[in-house]
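Just so you know, these numbers use all the heavy atoms, side chains as well, and skip hydrogens, waters and symmetry mates. Fair warning: this is a prediction, and the values are worked out from it, not measured in the lab.
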Amino acid sequence: MSRTMQRLALSGTILLAAAALSACAGNTGTEPTGTVDPVGTWGDIATTSEPSLVLADDGALTGTDGCNRLVGTWTADADTIAFVDVASTRMACEGVDTWLSGLATGTIADETLTVFDESGEKIGTLERSE
């Protein structure tokens, strides 16, 4: 088996393991204390080359950075969303800005999710689509 095939197989195995761990984690999502509900679809999930997130009411997170698949969990406290144990495939896609793979926290204003990295820097926004 070539190294590329081995890496792809390993990436798939890691993604499946992360998904299984997320499913076993139980209900980690919590309703925020404010009026904003983060549950839903952020970005256009019909276009796999664009970033998007789906935040499920059980605390599961799935999505794409426009190249790589993302899985993990989320929690909400007041007006901040924490993205927890997020795993990503590591494909190399030319010409794709994979900013969403650096997500750590987020805030919601109106129908816009603003995403921040671990240092608290804004890295992008996603509009609610569902």
Starting at [atom1] of [X], measure out to [atom2] of [Y] and round the result to the nearest 0.5 Å.
| X | Y | atom1 | atom2 | value |
| --- | --- | --- | --- | --- |
| T114 | I123 | OG1 | CD1 | 10.5 Å |
| D117 | T105 | CG | OG1 | 8.0 Å |
| R90 | C67 | CZ | SG | 10.0 Å |
| L126 | E111 | CG | CD | 12.5 Å |
| L55 | W74 | CG | CH2 | 6.0 Å |
| T125 | L113 | OG1 | CG | 8.5 Å |

Examine distances only and state if a side-chain atom of [X] and a backbone atom of [Y] form a donor-acceptor pair shorter than 3.5 Å.
| X | Y | result |
| --- | --- | --- |
| N68 | M91 | yes |
| T73 | V84 | yes |
| T64 | G66 | yes |
| W42 | P51 | no |
| T89 | R69 | yes |

**Prompt:** At their closest point, which heavy atom of R128 faces which heavy atom of G40, and how far apart are they?
**Reply:** NH1-CA, 4.3 Å
**Fill in**
Heavy-atom closest pair (P38 atom, I81 atom, distance to 0.1 Å) is CB-CD1, 3.5 Å
**Prompt:** Does the side chain of D44 come under 3.5 Å of the side chain of T47 through a donor N or O and an acceptor N or O?
**Reply:** yes
**Item:** Side-chain donor-acceptor pair present, T112, D110, cut-off under 3.5 Å
**Value:** no
**Item:** W99 and D65: CA distance, side-chain angles, deciding distance, side chain to side chain contact (heavy atoms under 4.5 Å, CB included) verdict
**Value:** CA-CA 7 Å; W99 63 268; D65 64 8; over 6 Å; no
**Prompt:** Taking side chain as C-beta onward, heavy atoms only, is L100 less than 4.5 Å from L70?
**Reply:** yes
**Message:** Could you check whether any side-chain heavy atom of F83 comes within less than 4.5 Å of a side-chain heavy atom of T75, counting everything from C-beta outward?
**Reply:** no
**Request:** Please report the C-alpha distance between L103 and V86 in whole Å, then the side-chain angles of each, then the deciding distance to 0.1 Å, and finally whether the side chain to side chain contact (heavy atoms under 4.5 Å, CB included) criterion is met.
**Result:** CA-CA 8 Å; L103 80 168; V86 178; 3.9 Å; yes
